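A short worksheet on the structure shown next.
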Amino acid sequence: MVMIAVPVRILSLLLAPLLLGSAGGLLNVTKRTFEIDYQKDCFLKDGKPFRYISGSIHYFRVPRFYWKDRLLKMRMAGLNAIQTYVPWNFHEPQPGQYRFSEDHDVEYFIRLAHELGLLVILRPGPYICAEWDMGGLPAWLLEKESIVLRSSDPDYLAAVDKWLGVLLPKMRPLLYQNGGPIITVQVENEYGSYFACDFNYMRFLQKRFRHHLGDNVLLFTTDGAQKSYLKCGTLQGLYATVDFGTGRNVTADFQTQRKVEPNGPLVNSEFYTGWLDHWGQPHSTVKTEVLASSLYEILARGASVNLYMFIGGTNFAYWNGANTPYAPQPTSYDYDAPLSEAGDLTEKYFVLRKVIQMFEEVPEGPIPPSTPKFAYGKVPLKKLKTVEAALDILCPGGPIKSLYPLTFIQVKQYFGFVLYRTTLPQDCSNSTSLHAPLSGVHDRAYVSVNGVPQGILERASVTPLNITGKAGATLDLLVENMGRVNYGRYINDSKGLVSNLTLGSSILTNWTIFPLGTEDAVRSHLQGWGGQDAGCHNENCTDSSSNYTLPAFYVGNFSIPSGIPDLPQDTFIQFSGWTKGQVWINGFNLGRYWPAQGPQMTLFVPRHILTTSAPNNITVLELERAPCSSCGPGLCTVELVDTPVINRPVANNYFLELPTKDSWQDYE
Ligand SMILES: *[C@@H]1O[C@H](CO)[C@@H](O)[C@H](O)[C@H]1NC(C)=O
Ligand SMILES: *[C@@H]1O[C@H](CO)[C@@H](O)[C@H](O)[C@H]1NC(C)=O
Ligand SMILES: *[C@@H]1O[C@H](CO)[C@@H](O)[C@H](O)[C@H]1NC(C)=O
Ligand SMILES: *[C@@H]1O[C@H](CO)[C@@H](O)[C@H](O)[C@H]1NC(C)=O
Ligand SMILES: *[C@@H]1O[C@H](CO)[C@@H](O)[C@H](O)[C@H]1NC(C)=O
Ligand SMILES: *[C@@H]1O[C@H](CO)[C@@H](O)[C@H](O)[C@H]1NC(C)=O
Ligand SMILES: *[C@@H]1O[C@H](CO)[C@@H](O)[C@H](O)[C@H]1NC(C)=O
Ligand SMILES: *[C@@H]1O[C@H](CO)[C@@H](O)[C@H](O)[C@H]1NC(C)=O
Ligand SMILES: *[C@@H]1O[C@H](CO)[C@@H](O)[C@H](O)[C@H]1NC(C)=O
Ligand SMILES: *[C@@H]1O[C@H](CO)[C@@H](O)[C@H](O)[C@H]1NC(C)=O
Ligand SMILES: *[C@@H]1O[C@H](CO)[C@@H](O)[C@H](O)[C@H]1NC(C)=O
């Protein structure tokens, strides 16, 4: 355990008997109220004027191990509230199958905030955007191909109703008036930016929220501070708030809120401390001075505010979202926030704390320090198996046969990878073009013929791939889901081969489709040295004229040095010379790496996944080319370093035509 200096004031809160969970007895619930005073234009907490200064933290982007540390740092910054989304897809991975334990234990997270003296603003969606896969909606909703998400589509409403019937009853005892910390609950998210503009859908949500949470809870909406957004995003009975970042006219933006809410508190529900990133675009930042002066302006007006994000955290595993035209977000969700991805205190943190101190009492120090980081050094990795050689492990249930390609949804695989296999119907001795019309590869296909890598088909590009091979040769496409679109009309983002594939002028048929269960495979068989060198004897090696090798697993391990106190500590894994892939440590899926693209060059490795009692296994799935890809016994290395790099300069030309930050003011 890292020692965290707990300030006395907070400690007394921790030791105070908790209202929460005490079975009625001591609790006089009728005294706890949270409402709006339309005369004084403010919130009323227990009958007294109140304004919140809140920060966003997503429990699903921070390991549970670190929840307390991050929340405490937020409290010490002077925040009196936190704001979090609840991602439906994180909690209901398969229809009717729910996850609420460990890193998914949202109730525990909310109780922890309560113990630390923080109120909670809850944003349960069901749509959340958040640069999260499909904006938090479960991919299995797409089993109905014609479904209109975020509308009164009856199948969508039925699934939403069922989900809210599971989630909201868990939240009810955590409401402020019931003794918990939740003061307000947001309905939907920036619904006014969505094309559907379906008031019946919003009315349906309002009714269900009221049914499950009661009449006393303060429900609200959030939309971009523009008349056009507020038109479809607001509803009578839901208090309308706005969101905007720095560099905006605060007066004008709050006047926009006033057009819908002539009285009541001014609220900016998402005041952007930084901004999101995409692979292939420069890392986004917001200057501290600009942020500080905007925050001052908002607070001086007596408004309530939520800083989005106060800590961004990490898109572990496959959870990142994407924007359109298709551009996925990287693994880091650092967001240039006041607490870094790894929870470190930044200059921005201290400057914002000073601004808050001008308006509200801020708990006195000491502030929990940044956690120490350790450079464990270089770790040799060895090629274990290609994906093709590991199909029995990756797809124990065996493949699915289909005349035409099936999508991920159709084979009930929601994340990661699916391998599509067929045979060449004709000789392709002179380079025949393999083509997916209408960007039908979602999102990236690693193509090989008889084990010889041919190249990549990409969603964002319509360029066909020329392949060579004899009639009857095996054609494999390993298709990667790089994250579903989380914003706009096209959040119904199917993955896999979503159109037919043509070779020359004929449509390829008779597919054998392997859904790949990477997580189980890595945990059970694809980690550890394995005792033998799989080397090159099972497949064709790269010749130096190609940039590609077959997608393959590489493994290695490292031990935590003894004799150094307080190890293991957090670290960052760096992929010099590697191209693109996925990485696990001890079976924990850390996310995607793509140094060939940038701007993110290292991945955050939280220390709770490391062990001192045995070597720590690293498993890498490299999709394009490892530094040791040529034939021979060469070892590749990754390096564990103590400093993150998420801002390498990038050419800014990979994903073209993306909107810039300025045109996306009201995006989240
Ligand atoms: C709880 O508060 C109500 C209203 O203020 C009051 O009438 C009641 O006596 C209180 N009950 C207890 C047990 O304190
Ligand atoms: C900000 O907006 C207000 C209200 O529309 C306007 O009066 C003021 O001139 C604007 N300020 C600037 C600096 O543009
Ligand atoms: C392939 O190319 C060679 C030389 O470029 C040519 O002689 C041959 O006819 C071509 N074959 C086919 C099937 O197009
Ligand atoms: C290696 O590539 C050749 C063609 O270049 C092919 O005939 C052979 O089957 C491949 N070997 C394996 C094991 O895939
Ligand atoms: C593919 O082959 C065609 C003709 O066979 C050629 O015109 C085209 O440039 C090739 N494309 C690539 C990407 O090599
Ligand atoms: C996705 O949804 C949009 C909006 O309803 C619709 O226009 C589009 O056709 C859908 N796309 C697919 C592939 O179903
Ligand atoms: C593939 O082509 C066949 C025959 O034209 C068609 O029936 C089928 O719907 C197509 N599949 C996709 C995914 O486009
Ligand atoms: C596809 O499979 C069917 C049934 O096995 C067979 O009749 C047909 O010839 C195959 N088509 C191709 C292009 O191989
Ligand atoms: C590393 O992998 C080996 C071989 O699979 C396994 O025995 C060991 O338990 C793993 N170590 C950890 C820390 O998971
Ligand atoms: C760890 O790596 C070493 C080589 O560095 C290897 O000899 C050993 O077998 C590996 N241990 C495990 C558990 O994989
Ligand atoms: C390999 O990649 C590099 C850098 O992206 C590029 O310049 C080069 O042309 C590629 N080589 C081949 C054979 O595709």
Side-chain angles (χ1 to χ4, degrees), residues 127 134-135 137 139 141-153 155-156 193-198 201 324 326 376-385 401-405 407-410 421-428 437-443 459 471-475 484-513 522-534 553-560 584-587 611 613-620 628 633 635-638 640:
Y127 165 83
M134 209 167 146
L137 298 176
L141 290 171
L142 301 176
E143 272 165 28
K144 178 188 173 191
E145 272 169 47
S146 63
I147 198 164
V148 184
L149 302 166
R150 306 177 71 194
S151 80
S152 312
D153 179 298
D155 295 286
Y156 175 70
S193 315
Y194 191 57
F195 79 98
C197 194
D198 182 344
Y201 166 52
T324 44
Y326 190 74
Y376 300 96
K378 289 194 170 157
V379 183
L381 301 190
K382 199 170 186 177
K383 190 167 182 175
L384 183 66
K385 269 183 163 75
K401 304 255 185 192
S402 172
L403 187 58
Y404 300 113
T407 63
F408 274 45
I409 297 299
Q410 287 165 328
R421 172 171 286 176
T422 186
T423 50
L424 296 184
Q426 74 219 40
D427 277 348
C428 304
L438 309 168
S439 305
V441 173
H442 289 196
D443 303 299
R459 174 172 177 168
T474 300
L475 170 69
R484 291 186 185 79
V485 171
N486 60 264
Y487 178 76
R489 177 185 287 261
Y490 299 109
I491 50 177
N492 50 349
D493 186 11
S494 274
K495 296 302 185 185
L497 297 182
V498 304
S499 74
N500 282 307
L501 215 60
T502 58
L503 183 65
S505 55
S506 51
I507 289 179
L508 289 169
T509 56
N510 289 3
W511 291 92
T512 306
I513 302 166
V522 167
R523 275 191 289 266
S524 54
H525 296 287
L526 294 173
Q527 65 175 2
W529 206 252
Q532 92 221 11
D533 178 2
F553 290 93
Y554 297 77
V555 295
N557 64 72
F558 66 101
S559 295
I560 307 295
W584 295 257
I585 293 186
N586 294 334
T611 174
S613 60
N616 294 280
N617 295 315
I618 302 183
T619 308
V620 168
C628 55
L635 287 175
C636 295
T637 60
V638 291
L640 295 158

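Given the structure is predicted, the values throughout are model-derived calculations rather than measurements. Start at 1 and go down the list; that is how both ligands and their atoms are numbered.
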Query raised in the report: Out of curiosity, Tyr326 OH to Ser439 OG, how far, rounded to the nearest 0.5 Å?
Result: 12.0 Å
Report summary line: Residues passing the side chain to side chain donor-acceptor pair (under 3.5 Å) test with Ser505, sequence neighbours excluded, are none
Report summary line: Applying side chain to side chain donor-acceptor pair (under 3.5 Å) to Tyr201 and not counting sequence neighbours gives Tyr156, Glu188
Query raised in the report: Does CG belonging to Leu403 count more than 12 external heavy atoms closer than 6.0 Å?
Result: yes
Query raised in the report: If you count only heavy atoms, which residues are under 4.0 Å from ligand 8?
Result: Thr509, Asn510
Query - Pairing residues for Thr611 by the side chain to side chain donor-acceptor pair (under 3.5 Å) criterion, not counting sequence neighbours - result: Ser613
Query raised in the report: Taking only heavy atoms of Phe195, which atoms of ligand 6 are found under 4.0 Å from at least one of them?
Result: 4 (C), 5 (O)
**Report entry** Distance (rounded to the nearest 0.5 Å) between Leu503 CG and Thr509 OG1
**Finding:** 11.0 Å
Query raised in the report: Which ligand 10 atoms are under 4.0 Å away from a heavy-atom of Gly528?
Result: 14 (O)
Report task. Please round to the nearest 0.5 Å and tell me the distance separating atom NZ of Lys495 and atom CE of Met134. Result -> 10.5 Å
Query raised in the report: Do any nitrogen or oxygen atoms of Tyr490 lie less than 3.5 angstrom from nitrogen or oxygen atoms of ligand 6?
Result: no
